[in-house]
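Single-structure report; data block below.
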Amino acid sequence: RKRQLLTEIVLRNRLTALVVDADTTCRVLEQLLLRSYGVQTQGVDNGRDAVTLIASGVKFNLIIIDMILPILNGLEATRQIRDMGVHCKMLGVTACSGESERQAFLAAGVDVFIEKPLDPEHLVPILRELDG
Amino acid sequence: MDVVNQLQRQFIDYSASLHREGFLDDQFTQLQKLQDDNSPDFVVEVASLFFEDCEKLINNMARALEQQQGVDFKQVDASVHQLKGSSSSIGAMRVKDVCIAFRSFCEAQNREG
């Protein structure tokens with residue numbers, strides 16, 4: 001079942017995603033995972049750069065954002081992005097696992113809270129939904 | 001060709017044993033599948049990145065734990081938290097499990113632990 005999921009869909013570069021994670025390993029892996037499904041990705045390593053990028057008008061279908069980020073943390077960055085009127089799908093992907101963290105991230109504006117690692121089982125249904 | 005086959009067999013056996021002994025989990029298997037002709041060195045490159053990050057984090061932790069005046073457990077915890085995230089992303093299950101245990105020591109402010 002898991003083997004199937006990895007090659008189940010290929011989106012042919014119709015979708016774009018922003019990955020916001022301070023940890024190089026996580027950010028690179030998440031971008032590569034998305035790219036393996038044909039999603040075009042950009043990556044930033046702090047909350048402020050994420051907000052600046054979105055504020056500049058760049059559109060994404062999907063934003064993957066960690067909770068703990070330098071300069072501007074994930075909760076605040078999420079709030080600011082939502083306050084700009086950006087309605088794209090946002091996934092909070094974090095190593096935090098507590099219920100209070102989950103509630104806080106959802107309250108800040110992410111649509112889904114995912115405990116790391118980001119895996120195909122969580123990602124594929126979301127990509128399917130975005131692809132229509 | 002014999003040497004190549006032999007090395008391939010060794011690699012498969014070694015991978016299998018790492019999985020069996022709980023060093024690696026399914027996440028690593030998923031990552032290996034991402035390696036293809038477009039990114040032939042993907043696993044090696046990502047593993048190298050991970051080891052670099054690990055080294056930095058472990059040095060941070062060591063420095064914080066060596067403080068004679070009093071250990072800043074928040075700082076140690078922050079590094080362990082980051083290591084938990086990256087190790088789980090790459091499929092280094094045993095490292096991730098150690099991080100989870102480590103964090104309970106931080107919460108209890110247990111330096112000996």
Side-chain angles (χ1 to χ4, degrees), chain A residues 1-10 12-13 19-41 43 45-46 64-70 73-74 91-98 100-101 105 113-124, chain B residues 19 24-58 60 74-104 106-107:
Chain A
R1 178 93 191 98
K2 274 200 167 178
R3 190 190 293 273
Q4 274 177 330
L5 283 171
L6 198 62
T7 52
E8 223 165 315
I9 53 169
V10 178
R12 298 183 184 87
N13 297 318
V19 176
V20 190
D21 198 311
D23 186 75
T24 315
T25 305
C26 294
R27 192 176 64 252
V28 165
L29 284 173
E30 285 165 10
Q31 283 187 269
L32 279 159
L33 181 62
L34 287 161
R35 278 186 208 160
S36 73
Y37 291 108
V39 179
Q40 289 182 62
T41 72
D45 65 6
N46 68 81
I64 307 246
I65 184 162
D66 195 357
M67 204 171 220
I68 297 175
L69 297 166
N73 72 60
L91 305 188
V93 179
T94 169
C96 297
S97 51
S100 61
E101 279 99 343
F105 221 169
F113 178 94
I114 297 174
E115 197 185 329
K116 281 182 183 172
L118 178 65
D119 63 356
E121 270 199 75
H122 282 101
L123 189 59
V124 168
Chain B
H19 277 85
L24 300 175
D25 62 19
D26 213 39
Q27 180 74 3
F28 189 74
T29 317
Q30 301 280 6
L31 294 182
Q32 285 177 301
K33 289 180 197 150
L34 291 176
Q35 184 159 296
D36 60 13
D37 291 333
N38 291 328
S39 47
D41 299 317
F42 163 66
V43 177
V44 162
E45 283 167 6
V46 166
S48 305
L49 270 175
F50 174 63
F51 291 137
E52 268 174 45
D53 281 350
C54 266
E55 209 177 333
K56 272 183 235 151
L57 289 171
I58 290 172
N60 288 345
K74 279 219 163 81
Q75 216 182 65
V76 180
D77 189 61
S79 295
V80 179
H81 175 89
Q82 201 171 325
L83 188 57
K84 180 188 163 198
S86 52
S87 60
S88 69
S89 298
I90 201 172
M93 187 169 84
R94 207 180 261 203
V95 176
K96 180 192 79 177
D97 288 342
V98 168
C99 287
I100 293 171
F102 206 121
R103 295 197 76 203
S104 61
C106 287
E107 267 175 46

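Lettering follows sequence order; numbering is per chain, from 1.
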To the nearest 0.5 Å, how far apart are CD in B/Gln27 and NZ in A/Lys116?
11.5 Å
With side-chain contact (heavy atoms from CB on, under 4.5 Å) as the criterion, how do B/Arg103 and A/Ser97 come out once you've worked through the C-alpha distance, each side chain's angles and the decisive distance to 0.1 Å?
CA-CA 12 Å; B/Arg103 295 197 76 203; A/Ser97 51; 5.8 Å; no
Could you tell me which non-hydrogen atom of B/Ser86 sits nearest to which non-hydrogen atom of A/Cys26, and how far apart they are?
CA-SG, 3.5 Å
Side chain, backbone, both or neither: which part of A/Ile68 has a heavy atom under 4.5 Å from chain B?
side chain
Which pair of heavy atoms, one from B/His81 and one from A/Thr94, lies closest together, and at what distance?
NE2-OG1, 4.4 Å
Residue, of B/Ala47, B/Ala78, B/Ser89, that accumulates the most heavy atom pairs under 4.5 Å with chain A
B/Ser89
Before giving the answer on side-chain contact (heavy atoms from CB on, under 4.5 Å), spell out for A/Asp119 and B/Asp26 the whole-Å C-alpha distance, their side-chain angles and the decisive distance to 0.1 Å.
CA-CA 10 Å; A/Asp119 63 356; B/Asp26 213 39; over 6 Å; no
Please give me the minimum heavy-atom distance between B/Gly85 and A/Ala95, naming the atom from each residue.
CA-CB, 3.7 Å
Taking the side chain from B/Asp53 and the backbone from A/Thr25, do they hold a donor-acceptor pair closer than 3.5 Å?
yes
Spacing of CG belonging to A/Leu32 relative to CD belonging to B/Glu45, to within rounding of 0.5 Å
9.0 Å
